[in-house]
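Keep in mind that the numbers below use all heavy atoms, side chains included, and drop hydrogens, waters and symmetry copies.
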Amino acid sequence: MAKNSVGTRAYVLIDAEPDQVTKVVASLRGRLDVPLVDAINGPYSAIAVVEGSNASTVAKSILVDIRKLSGVKNITVYLATPEDEAKGG
């Protein structure tokens, strides 16, 4: 999202079945609400950035669209805090 646009962003760590990681990542690429997704090494299989106009939209994308993808075992979500809220203003 543009720096000045209003919206919500979340970072989603995805734990996928080892033989499904490529398929999960490919299914998220090209989605308008997922500007970035990469397979990663470590305890998680992939990380995705999910953006939307508000928290409800982002939550739906994560819980309905991403969490229920075939091959996804679990997710951990970090909701980003807008810069002005993080500074207390």
Side-chain angles (χ1 to χ4, degrees):
M1 300 195 136
K3 184 173 176 117
N4 293 326
S5 68
V6 176
T8 301
R9 176 181 295 143
Y11 298 88
V12 183
L13 297 168
I14 302 165
D15 181 17
E17 296 290 343
D19 62 342
Q20 297 293 307
V21 175
T22 301
K23 185 177 177 181
V24 168
V25 169
S27 68
L28 294 174
R29 286 211 167 111
R31 288 180 54 111
L32 294 177
D33 58 347
V34 181
L36 177 67
V37 60
D38 284 309
I40 57 175
N41 293 316
Y44 294 95
S45 311
I47 186 168
V49 175
V50 180
E51 295 179 337
S53 58
N54 55 53
S56 179
T57 302
V58 170
K60 179 194 172 292
S61 292
I62 294 167
L63 298 175
V64 175
D65 300 333
I66 296 174
R67 178 64 183 97
K68 294 185 179 182
L69 282 173
S70 177
V72 172
K73 297 190 302 184
N74 201 9
I75 60 171
T76 300
V77 178
Y78 293 93
L79 192 61
T81 304
E83 188 175 340
D84 57 337
E85 289 181 26
K87 291 180 180 178

**Q** Asp65: which residues meet the side-chain hydrogen bond (donor to acceptor under 3.5 Å, both in side chains) condition with it, sequence neighbours left out?
**A**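 Here the qualifying residues are Arg31.
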
**Q** Heavy atoms, side chains only, cut-off 4.5 Å: are Ile66 and Val24 in contact?
**A** no

**Q** Only counting residues at least two apart or in another chain, list the ones meeting salt bridge (charged side-chain N to carboxylate O under 4.0 Å, His left out) with Arg67.
**A** none

**Q** Among the clusters formed by ILVMFWY side chains lying less than 4.5 Å apart, do Val49 and Ile47 turn up in the same one?
**A** yes

**Q** Considering residues at least two apart in sequence or located in another chain, which fulfil the side-chain hydrogen bond (donor to acceptor under 3.5 Å, both in side chains) criterion with Ser61?
**A** Asp33

**Q** Just jot down the side-chain contact (heavy atoms from CB on, under 4.5 Å) partners of Ala10, sequence neighbours excluded, or say none.
**A** Val58, Ile62, Val77, Leu79

**Q** Applying the side-chain contact (heavy atoms from CB on, under 4.5 Å) test to Ile14, which of Val25, Leu28, Val21 qualifies?
**A**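 So, applying the side-chain contact (heavy atoms from CB on, under 4.5 Å) to Ile14 and each of Val25, Leu28, Val21, only Leu28 qualifies.
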
**Q** May I have all residue pairs that pass side chain to side chain donor-acceptor pair (under 3.5 Å) and include part of residues 13-22, sequence neighbours excluded?
**A**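 Found none.
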
**Q** Please name the pair of heavy atoms, one in Ala55 and one in Thr8, separated by the smallest distance, quoted to 0.1 Å.
**A**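 It is N-OG1, 3.2 Å.
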
**Q** Output all residues satisfying side-chain contact (heavy atoms from CB on, under 4.5 Å) with Tyr78, sequence neighbours left out; order by chain, then residue number.
**A**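 Counting only residues at least two positions away or on another chain, Tyr78 forms a side-chain contact (heavy atoms from CB on, under 4.5 Å) with Tyr11, Leu13, Thr76.
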
**Q** Show the nearest heavy-atom pair for residues Ser45 and Ala16, with the distance to one decimal.
**A** OG-N, 3.0 Å

**Q** List, one per line, each side-chain donor-acceptor pair under 3.5 Å for residues 35-42, sequence neighbours excluded.
**A**
none

**Q** Once you round to the nearest 0.5 Å, how far does NZ of Lys68 lie from CD1 of Ile75?
**A**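 Taking NZ in Lys68 and CD1 in Ile75, the distance rounds to 11.0 Å.
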
**Q** Just wondering, are more than 12 heavy atoms of other shown residues or ligands nearer than 6.0 Å to NZ in Lys23?
**A**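 Not more than 12 within 6.0 Å, no.
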
